[in-house]
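All chains are named by letter (A, B, ...) in the order of the sequence lines, taking the proteins before the strands, and each is independently numbered beginning at 1. For the numbers below, each heavy atom of this structure counts, side chains included, while hydrogens, waters and symmetry mates do not.
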Amino acid sequence: MKFLSPNFLHWLWLALIPIALWLFRRKAKRVQVSTLLFFRTLAKEHQESAWLRRFKRILSLLMTLLVVLLAVMALAKPFREGGGETPKSLVILLDRSASMAAADGNGRTRMEEAKSQLKDRLSALPENVVTSLVVYDAKAEVTQSRSTNRRELLRMIQQAQPVPMEDRSDEALLVARRLAALDAPSEIWQITDEAAPQEPLTTEAPTEGVKPPKMRLLNVALESPVNCGITGFQIRPAPLARNRFEVFVEVTAGRANANPVETTLEARLDGRPVQLRQMTLKPGESNRLILPLEGGKGQRLEMEVRTPGDCLGWDNVAVSPLPETKPLVVAWFSDAPDPFVELALTSMLAEDRIQVLKGGVKDWPMKEKADVYVFENWVPTDWPTDRPALVLNPPNSSGPVHAKKLGSGVPYEAVRAVQPEHPVLYRVASGRVAVTQTTVLNVSDTLETLWMAGNEPVLAAGESGGQRLVVVAFTPGRSEQLALLSAFPLLVGNAIYWAAENNDALASLKAVRPGDLVEMPAGLVKWHAWTGTRFEETSQDAKGGWLELSQVGLVDGGDGRTLASLLISSHETDVPAQAKAMAAAGPEVSERWARGGNWSTSLLWLVLGVLLVESWLFHRQAVY
Amino acid sequence: MTASLTREDLFDAHFLDRLRTLALRLRKRRQLMRRGMQSSPATGYTREFKDYRHYTPKEDFRAIDWRLYARLDKLFVRLYEEVQELHIHIVVDTSASMEKPFIEKRRQSLRFAVALAYLGLSGQHRVSLYSMSDTTRQELPPLRGQGNIEKITTAVTKWAYGGVTDLEKCFTDFRPTRQRYGSIFVISDFFGREVGTAVEAVKRAAGWSGETHFVQVIHPWEQRPELDGEVELADVETGERRRFWITKREVKLYAEMFDAFAENLSTACAGRQIDFYTCRSDEPFEDRFLDLLMRGGSLASA
């Protein structure tokens, strides 16, 4: 038997007090009386024989000593050793990612289960073991570092709450190993719902003579979770339509689901249902939907997935304001403008979706930057690296464009689509197109050929320096029927849209994730937060103009800017299940040295029992 | 606590001198056997005129009152009072409980005994002194005459106290003869072996030839013991020791039992025409003694 708090054993000297009192006890006062006639009938129970009185006195002393002994032992917390080596330090890695908020049928979250298991285990932990607590989600936070203050540790564990963030245990493991190495031999307890935790980012070479820490996994995953959540979400204005949007949603079922689940996807605009889709998802299956919506700028769009028995609420909702549609600004620089290019660009102005700024060579460079540059028959010497570009018939090489002008041009009766599925060729009928090549292109590694005319590439697209680039090696005016076909305006439109796809003007939804640090006006910001079961209106203080997002929902900065904080994570939506082998072997794989019995409570009950027996034996007739 | 008493403790000359003007008497006049100082219903030959009676033949003609014959022309004889000898029996409890732990009880009881003896001797009565513990012993033969008070005083100061009170045996052994009819004073605390022993003993005392007076001498502590907590009580007579946890509740119960004991004893005495008188050892002796004589009907002017 060992003691968790052996320093309390010093209090055993208290037993000397009753012994001293017993040895130097006050003898009963002897009083001579004329007769015992009237005393005899008073208190019969005191008329005991000498041996019985002596026996009771010794018994009383022994019981008092027993009370002192039991009380001191209770304070010293004896425990039965379960075997195994007691470490010098213990590092607790507590997962607080979103999946730890998964609740079982009784509403008990994984975090609560983790706290309960930790509390049980820590109650049997020797007091001299140095403990550290690392709480992690996407990043690790050391909330207690190398301390023997068990009460503080329990308080910090109790304060830990799951956050709607992904977990990345590699960084936390690295921190934990570094902490463990300071007080070897050590153990690391990782409490998570992940069946197989990640390895640390870098494996440090173990110090010579220092035992590597033992890793123990306390898996608190649900035995049979059911979860379905939104793992993809985007909004964009519908092409060629005003106040119409396309919403992309990906709904994924957890791989640990036991059976296919029936789930309902509901779209609401300002709380008014506008779309309802039902689907059946097999375990691990994803369903991607594009939902058309009509709505005005600033309206709140809520997408909610409802699944019977769903254990995790944070991933059930994606919420965002409908984006404001800004025109795409296209700056067209041409040395000799082709009328068919102008016609193609003008055709797009009708929908007020593209604003075309026309300029000549002398206008370069522009004071105000456009979203997309179109260079026709001319390329700037200093290639713009911060914007995508569409280059038509480049006369020479510049930047990523490697071209050489042909004198008279080479006509081709047909072109061959190398990659007909490329977005630039969307709905472009390549079969009837005849072109006259006016430029020889040298397609670099970062560009890929889309059209081949003969053996020459005449249309290429790709990325260079992080910006998209489309190069056309022919002119519509000199090509036979190209100018009369719809293929060319479509090609130009596709090229502009594809090139500007990552532009702010097109990328409507800029979702952020909980845990991100965003710039906000200093002061209180309002949250339309999703708690997992319902929306709540709360507020948060953005100190110093920065706000660390901590919830799922919409955050209104008060300056007209509204951010959508979303947990879009297939990792968290895929709530893991308790591995059967691990569940069955739970007690065996866990540390045995701290699993022995803690007898403090039993001893305290025993103390109470002895006190009661002593009171009954010796004091039950006393009248005070 | 000393067990010795001096003569001065018992013999208060000033007080006894005051007693000279008093005399003992019986509550009821009764024909006694021997001549003495006690007036009796009989006629005798003292100088104290008592009455006249018609002369009848064969009477002593010397008793005829000739002056009255001269006036009335009838013969009357003069009758004189007859004084007879009265016996005073004083029985003093000499068991250990009368001395220990409160010697005041011994002093008080002996004061009563000496004062009664003095009153008897000064009244020319015969005084007998007995000690009583496990049995009754006559310590001195019947004495008469005031000069014997010294004997009595000396005797009682030398008494050895001890033994167990056996009231029944003592009262059975003490049996004054009819020739010694008189007043019997029993001075004791009347603590017997059992609570009811004293009442049983009263029945035996009822058969004594004489007027009986019980004088109970107790100490105030015996009425209301000042005890608290765990104590070991030792009986001074039997040596028996017992351990008690005394609280206020026990003290109250004890007092009630003691009062009930005294009340029972008083009632039993009253039922048998025995005068019962209780005196505490801390009370002034003179007042209590005179009170005893007056309320018991034993006092007469000399």
Side-chain angles (χ1 to χ4, degrees), chain A residues 14-68 610-624, chain B residues 1 93 95-102 105-106 164-165 188-198 217-219 221-223 225-262 281:
Chain A
L14 284 174
L16 294 175
I17 296 175
I19 292 175
L21 289 175
W22 190 82
L23 289 174
F24 303 102
R25 68 187 179 280
R26 196 182 68 169
K27 301 283 191 296
K29 191 169 64 177
R30 280 190 185 170
V31 179
Q32 283 190 327
V33 291
S34 309
T35 180
L36 287 174
L37 206 60
F38 310 108
F39 287 104
R40 279 189 198 127
T41 52
L42 285 182
K44 300 278 188 194
E45 70 279 1
H46 289 292
Q47 300 169 18
E48 296 161 342
S49 58
W51 72 266
L52 181 60
R53 214 163 43 234
R54 200 172 301 124
F55 171 73
K56 284 176 75 171
R57 199 176 296 140
I58 292 173
L59 184 63
S60 173
L61 171 70
L62 291 177
M63 292 180 90
T64 309
L65 291 176
L66 188 62
V67 165
V68 173
V610 173
L611 283 174
L612 285 175
V613 170
E614 190 178 9
S615 298
W616 187 81
L617 282 177
F618 304 115
H619 307 298
R620 69 181 190 277
Q621 298 288 349
V623 179
Y624 300 103
Chain B
M1 190 177 291
D93 186 355
S95 68
S97 65
M98 290 299 286
E99 184 185 40
K100 294 176 183 174
F102 310 109
K105 285 171 69 178
R106 177 185 171 188
V164 182
T165 311
S188 171
D189 51 14
F190 297 100
F191 297 155
R193 289 180 179 175
E194 301 296 335
V195 176
T197 307
V217 178
I218 57 170
H219 191 273
W221 192 94
E222 290 171 336
Q223 257 186 322
E226 294 169 0
L227 290 173
D228 190 23
E230 191 179 11
V231 288
E232 189 181 65
L233 302 181
D235 192 323
V236 294
E237 290 188 357
T238 61
E240 180 185 357
R241 287 178 181 177
R242 293 215 175 179
R243 188 172 291 262
F244 295 93
W245 188 276
I246 305 291
T247 64
K248 287 181 180 176
R249 174 173 156 267
E250 266 77 30
V251 171
K252 187 183 171 196
L253 277 173
Y254 174 95
E256 287 172 0
M257 290 182 65
F258 188 91
D259 291 344
F261 162 76
S281 59

Contact part of B:K105 toward chain A, heavy-atom cut-off under 4.5 Å: side chain, backbone, both or neither? side chain
Using non-hydrogen atoms and a 4.5 Å limit, figure out which bit of B:I218 sits close to chain A: side chain, backbone, both or neither.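 Neither part.
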Among B:M98, B:K248, B:E194, residue most engaged with chain A (heavy-atom pairs, under 4.5 Å):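 Among the listed options, the one with the most contacts to chain A is B:E194.
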Pick from B:V236, B:L253, B:T238 with the largest number of heavy-atom pairs that fall under 4.5 Å of chain A: B:V236
Parallel, tilted or perpendicular: rings of B:Y254 and A:F38 (30°, 60°):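 Perpendicular, since the angle between the ring planes exceeds 60°.
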Check step by step if side-chain contact (heavy atoms from CB on, under 4.5 Å) holds for B:F191 and A:V33. CA-CA 11 Å; B:F191 297 155; A:V33 291; over 6 Å; no
With a 4.5 Å limit on heavy-atom distance, are the side chains of B:L227 and A:F39 in contact? yes
Any non-hydrogen side-chain atom of A:T35 less than 4.5 Å from a side-chain atom of B:D235? yes
Nearest heavy-atom neighbours spanning [X] and [Y]:
X: A:L37; Y: B:G192; result: CD1-O, 3.8 Å
X: A:L36; Y: B:E240; result: CD1-O, 3.5 Å
X: A:S34; Y: B:S97; result: O-CB, 3.6 Å

I need the B:R241 CZ to A:Q32 CD distance, nearest 0.5 Å.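 Separation between the atoms: 8.5 Å.
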